[in-house]
Structures are given as structure tokens and as C-alpha cells.
Amino acid sequence: MSIDISHITKRFPSAGSGKEPFVALDDVSLTIPSGRLTALLGPSGGGKSTLLRIIAGLENADSGAVTIEGTDATHLPAQKRNVGFVFQHYAAFKHMSVAKNVAFGLEIRKRPKAEVKQKVDDLLNLVHLTQFADRLPSQLSGGQRQRMALARALAIEPNVLLLDEPFGALDAKVRKELREWLRRLHDEVHVTTIFVTHDQEEALEVADEIVVINEGRVEQVGTPDQLYDAPANDFVMRFLGPTTEINGVLHRPHDIEVFTHPGIAGSIPARVVRELRVGFEVRLTVELLDAAHEEITVTVTRAHHRSLGLRPDLDVWLAPTHGAVVPVMESVTA
Amino acid sequence: MVRSSPLLRLVLRTVVVGYLVLLVAWPVSLVVTHTFDGGFSALSKAFADPEVTHALQLTAIVALSSVAINLVFGVTISILLVRYEFPGKRLLSALLDVPLSVSPVVVGLALLLVYNPRSGWLGPALADAGVQIIFSTPGMVLATTFVALPLVIREVVPVLEEIGDDQEWAARSLGASSFQTLRRITLPGVKWALVYGVVLALARSLGEYGAVKVVSGNVVGSTQTATLLVDQRYQNFDQPTAYALSFLLAVASVVCIVIVSVLRPKQEA
Ligand SMILES: Nc1ncnc2c1ncn2[C@@H]1O[C@H](COP(=O)(O)OP(=O)(O)OP(=O)(O)O)[C@@H](O)[C@H]1O
Ligand SMILES: [Mg+2]
């Protein structure tokens with residue numbers, strides 16, 4: 001039981017007439033496991049929202065099939081899919097109170113009044129909005145509105161919960177709070193959840209599983225650790241965090257060890273050019289002392305920086321850390 | 001904003017106020033004073049005149065019918081224009097401005113060409129079926145509807161565009177059918193724009209003269225609306241009745257404007 005996406009292709013007509021249509025999703029096949037929190041991660045315009053909207057039935061694919069919990073949903077209209085959808089900009093029903101917003105799906109389903117009230121109370125409690133039940137959405141903060149939207153989507157006991165950049169419109173602090181809260185909520189409710197984000201930190205922190213999407217294709221599927229430690233290709237490696245390139249191989253800037261003396265096997269001579277302290281880490285710009293004189297970035301902790309006595313113009317030797325995995329150039333897991 | 005000098009502001013204010021007084025306030029106030037020249041006698045005499053009461057009734061019927069039609073079609077066309085893509089959409093949008101730019105007299109003549117029972121394009125067939133459009137209420141409703149057509153649409157379209165379709169999609173994903181979504185989400189969302197559009201259309205319909213004059217035949221006591229009667233009485237030297245009727249029409253419009261200005265701030269909140 002899960003969501004099966006098989007060979008989904010979606011094209012959009014290009015603006016000018018006569019041009020080739022734009023391919024937003026290119027033969028995407030994917031299985032989303034039940035009861036897990038899955039992140040769709042990728043750069044802007046990669047097709048994440050389009051895929052999510054196709055799963056929800058808000059958009060039709062040109063070809064391919066969507067199966068939700070064993071039922072073929074490809075031609076099912078949105079209102080029959082029992083999918084909870086949370087929009088980036090909340091899509092709050094502006095003319096209804098918070099409680100009415102949450103009750104909407106239940107009232108459409110003609111549930112008895114007492115049951116609706118009970119359920120709405122429970123959900124508002126779950127998302128910590130009980131005291132705001134009678135307010136209008138315009139009287140809530142962004143984070144509160146998004147929690148209301150989440151309660152509204154959960155009210156129909158969806159088979160799947162889909163969130164399209166749910167925290168994208170919030171400031172950094174609220175964002176961080178809400179993503180931790182989403183993780184905890186998911187641990188309580190256990191509904192199969194897919195959320196879209198283009199923030200790799202958000203995906204790594206919250207998701208059980210990450211699907212990296214770029215230019216309408218799936219680049220890699222895996223747990224956060226798998227993706228981080230064994231990126232399928234340079235794109236995934238680059239997208240998941242900062243990288244630096246030595247002799248054509250990508251490394252994480254903090255996976256390069258810095259020595260102030262030569263003699264380590266395989267170490268490369270270099271010279272510190274600049275340093276920039278950011279919080280607990282120091283970003284060093286070093287110049288490789290080979291023919292190309294390339295400049296690369298290496299990060300060290302503040303303490304390490306001090307103990308080595310690093311400073312501009314100092315000669316150093318660099319060695320990629322053992323255990324930090326070099327990209328495996330394998331085919332995309334799908 | 002650029003700060004202007006106090007002198008410039010004073011001059012601008014005087015010009016604007018003077019302009020409005022000369023063009024609007026003074027003429028309208030003269031209608032009022034002329035109506036009440038002899039106390040309430042002009043009004044009571046007018047109400048005692050069966051031609052006048054008939055004309056007022058007819059105006060009300062024609063205006064309300066055309067507003068009802070424009071409400072239904074206005075909402076439908078607005079949703080079509082904003083939410084759907086179809087060939088000829090730009091053309092339709094442009095066509096909707098025709099009633100605003102073409103003189104009502106031309107509208108009347110055009111309707112005559114189509115529906116005239118003897119020589120019209122569709123008229124004879126309809127006449128055979130027993131339906132009379134020209135020189136009767138349906139034709140007048142048609143003409144008035146045509147003239148006021150864009151008012152509802154031009155109010156509703158921008159609001160529909162502004163609220164976007166997220167709420168509608170959210171409702172759909174929560175299980176609402178398209179009709180439930182329309183009734184519970186879309187219509188409440190454009191409620192104030194609709195009210196505003198309807199009030200404008202009503203004001204416009206009450207005052208329509210040119211198009212109605214052409215298609216109605218202006219038959220006294222039968223197809224004569226209030227505006228037509230004002231003109232006729234004025235020509236026939238029955239000024240008190242003309243003023244009294246004008247006053248009533250003006251009051252109706254002012255009431256409309258007041259309603260709108262009361263609604264305006266709510267809409268923005
Ligand atoms: N309705 C549409 N008409 C035409 N092109 C569209 C439409 N919707 C999406 N696209 C195009 O399809 C591509 C994928 O869009 P999509 O919204 O899925 O990207 P995304 O991965 O969600 O990006 P973002 O992170 O910016 O939200 C984009 O290039 C976009 O311009
Ligand atoms: Mg998107």
C-alpha cells in the first residue's frame with residue numbers, strides 16, 4: 001500500500017506559438033512508501049509542484065498512471081481522491097472562521113453536527129489553535145494560518161497528505177519551528193505524507209525519504225543519509241550541500257582535512273588565501289600549489305582553526321577525510 | 001508621493017470642486033428645487049397620474065429583469081474569462097466593452113435589425129412563434145441588459161483574478177463538487193464585487209434612455225419607461241411632472257451610490 005507513480009509525463013504549451021511544448025515531467029516513475037514522510041527536493045522549476053498536483057488530481061498528466069493505496073486514481077477527479085493538500089500560500093477560506101475552515105471537508109461529507117464539532121475541537125487542539133477557533137484567517141499569523149490549513153487537510157482523514165512548500169512563505173525561525181512540529185505531528189498521525197521543498201536542510205532534517213527532482217526527472221531516491229553519503233551523481237551532491245572540487249572530484253568542504261606539515265600520504269600542498277568566520281565554522285579559501293593554481297573552499301571548526309594557528313599566507317597540506325564517501329556514479333534508483 | 005506646494009493644492013482643489021459643482025451638483029440641485037417649487041404638489045400630482053405610475057412600474061420591471069439576467073450571465077462569463085482557457089477568449093473580452101463604447105441608440109437600432117417582426121433577421125420567425133420582442137417588454141429588457149452588460153463583469157473579473165484559484169482547488173481536494181465549490185467558495189469570495197456590480201447595473205438600467213427609446217416604440221401607457229416619459233412631458237410643457245419623475249430617478253441613483261459607498265470599505269477590509 002503506497003503511492004505508485006508510473007511513467008508520468010506532463011507538457012505545458014510554450015508561450016510563443018509554434019514552439020516546442022515545455023516538458024515539466026519527463027517519464028517519471030516513483031513509489032512513495034506508506035506511512036512515511038517523503039520530501040520532493042529540487043531546484044525551482046524542476047517539476048515538484050506539478051508532480052504533487054498530479055498526485056492530488058489538481059492537474060492532469062499527459063500520460064502515465066497514479067495509483068493511491070492500490071486504487072487507480074489516474075482519472076479520478078480531485079474530490080474523489082481523499083487527498084489532503086496544503087498550499088504554499090495557505091489557501092485559507094477567507095470568509096470562514098478557523099473552525100469553519102477545518103470543518104469544511106466534514107460538512108461536505110454531511111457528517112453529524114456533534115461529530116464535526118468534536119473532530120474540529122480535536123484537530124484545533126492538535127495544531128494548537130483552540131483559542132483562535134472563531135477568528136477569521138486574516139486575523140492569524142502566517143504560521144498559524146498554515147497550521148489551520150494542515151488541520152483542515154487532516155480533517156478528512158486523507159489517505160495521503162500533500163504539502164507544497166508549506167513553510168516557504170514563512171520567516172526562517174517560524175519555518176524551523178514548524179518543520180520540527182511537522183515531524184512530531186507525523187510521528188503521531190502516521191499519514192503518508194509528501195512535502196515539496198527546495199531547501200535541502202529542511203528535507204534532510206524532516207524526511208524519512210527524499211526524492212531529488214531536477215528538470216522533470218528523478219535524480220535519486222533514498223534516505224537522507226544515503227543521499228548525503230552516497231549521492232548518485234554530481235547534481236545530487238551539489239544540491240545537498242556545499243561542494244568543492246579537487247582534481248575533478250567533488251568533496252564537501254568540511255570533509256577535507258587540513259595539516260600544517262607535509263608527509264601525509266596523498267596530501268596536496270596549498271596556501272591559505274583568505275578566511276571568513278561564520279558562526280562556529282571558518283571558511284578558508286586556499287590556493288592549490290599545482291600548475292593550475294585553483295582556489296577552493298575548505299571549512300574547519302573554530303577550535304581546529306585556532307589549534308592549527310591557521311592564517312592567510314600559511315602553507316598547508318590538504319587531504320580528503322577517510323570515510324567521507326566519494327560520489328558513486330550509479331544509475332538512478334527509482 | 002510628490003509633495004505639492006500649498007498654493008498648488010488650493011488651486012487644484014478649487015478647480016475640481018468648481019468643476020463638480022458646475023457639472024453635477026448645481027444641475028441636480030436645480031431638479032430638486034424645481035420639484036419642490038410648489039411643495040409636494042408636483043410629486044402628489046405625478047403619483048396620481050396613471051401614465052406616471054405605469055411608467056415607473058415598467059422601469060422597475062425592466063431594470064430588475066435586466067439586472068437579474070446580467071447577474072447570472074455576468075458571473076458565468078467572469079468565471080469563464082478568468083478560470084478557463086479557450087480559443088477566442090481575447091475576442092470575447094474585447095467584445096464585452098462594446099456596450100460601453102457604442103452609443104445606446106446604435107444598440108437599439110442593432111436590436112431592431114435582428115428582432116424586428118417584419119424585416120428583422122430573427123424577428124419574423126419569433127413573431128410566427130408568437131413571441132414579440134420589439135415594441136414590448138422583452139425587447140426593452142434586452143436593450144437594457146445589453147447596455148449594462150459589462151458592469152457586473154468588470155467588477156467581478158479583477159476580484160476573481162486577485163483571489164486566485166487556490167481556495168477553489170483546496171475545496172475540491174476536500175471533497176467539494178464544482179457546484180459546491182461555486183456556492184461555498186467562489187461566490188462568497190466575490191460577494192462584494194457582485195453587490196457593487198449589481199448596484200451599478202441597477203443605476204445604469206434605471207436611467208437607460210436611448211436604446212429603450214428605439215426598441216420600445218415609446219407607446220404611452222404601454223411601453224413608456226420613466227426616462228421616456230420625462231422627455232415626453234418636458235416636450236409637452238408638463239414641467240412639474242417631468243421634474244418630479246427626474247427627482248425620483250435621481251433619488252434612486254443616489255440611493256445606489258450611497259449603498260455602494262457604504263459597502264466599499266467593507267470590501268477592502
Ligand atoms: N500551468 C502552467 N503552464 C505552463 N507552464 C507551467 C505551468 N505550471 C508549471 N509550469 C512550468 O513547469 C515547470 C515546473 O513547474 P513546477 O511548478 O512544477 O516547479 P517546481 O519544482 O514546483 O518549482 P518551484 O520550486 O519554483 O515551485 C516550470 O518551468 C513551470 O514554468
Ligand atoms: Mg512549486
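The chains referred to below are lettered A, B, ... by the order of the sequence lines, with proteins before strands, and numbering in each begins at 1.
- Contacts between A:F104 and chain B at a heavy-atom distance below 4.5 Å involve the side chain alone, from C-beta outward.
- The two residues B:Q167 and A:F93 come nearest to each other via the heavy atoms O-CE2, 3.2 Å.
- Contacts with chain A (heavy atom to heavy atom, under 4.5 Å) involve these residues of residues 168-183 of chain B, listed by number: B:W169, B:A170, B:A171, B:R172, B:S173, B:L174, B:G175, B:A176, B:S177, B:Q180.
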Applying side chain to side chain contact (heavy atoms under 4.5 Å, CB included) to A:H95 and B:K191, what does each step give before you reach the verdict? CA-CA 10 Å; A:H95 57 286; B:K191 186 167 67 182; over 6 Å; no

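- Proximity to chain B involves both the backbone and the side chain of A:L58, based on heavy atoms less than 4.5 angstrom apart.
- Distance check: B:D165 CG to A:F87 CZ gives 8.0 Å after rounding to the nearest 0.5 Å.
- The part of A:A92 that comes within reach of chain B is its backbone (N, CA, C, O), which places non-hydrogen atoms under 4.5 angstrom from that chain.
- For A:R81, no part lies near chain B; criterion is any non-hydrogen pair under 4.5 Å.
- Under the rule for a side chain to side chain donor-acceptor pair (under 3.5 Å), the partners of B:S205 that lie at least two apart in sequence or sit in another chain are B:S66.
- Of the two parts of A:A153, only the backbone, made up of N, CA, C and O, holds a non-hydrogen atom closer than 4.5 Å to a non-hydrogen atom of chain B.
- The local environment of CZ in A:R11 is sparse, with at most 12 non-hydrogen atoms from other residues, nucleotides or ligands closer than 6.0 Å.
- Proximity to chain B (any heavy atom under 4.5 Å) is restricted, for A:R53, to the side chain, taken from C-beta onward.
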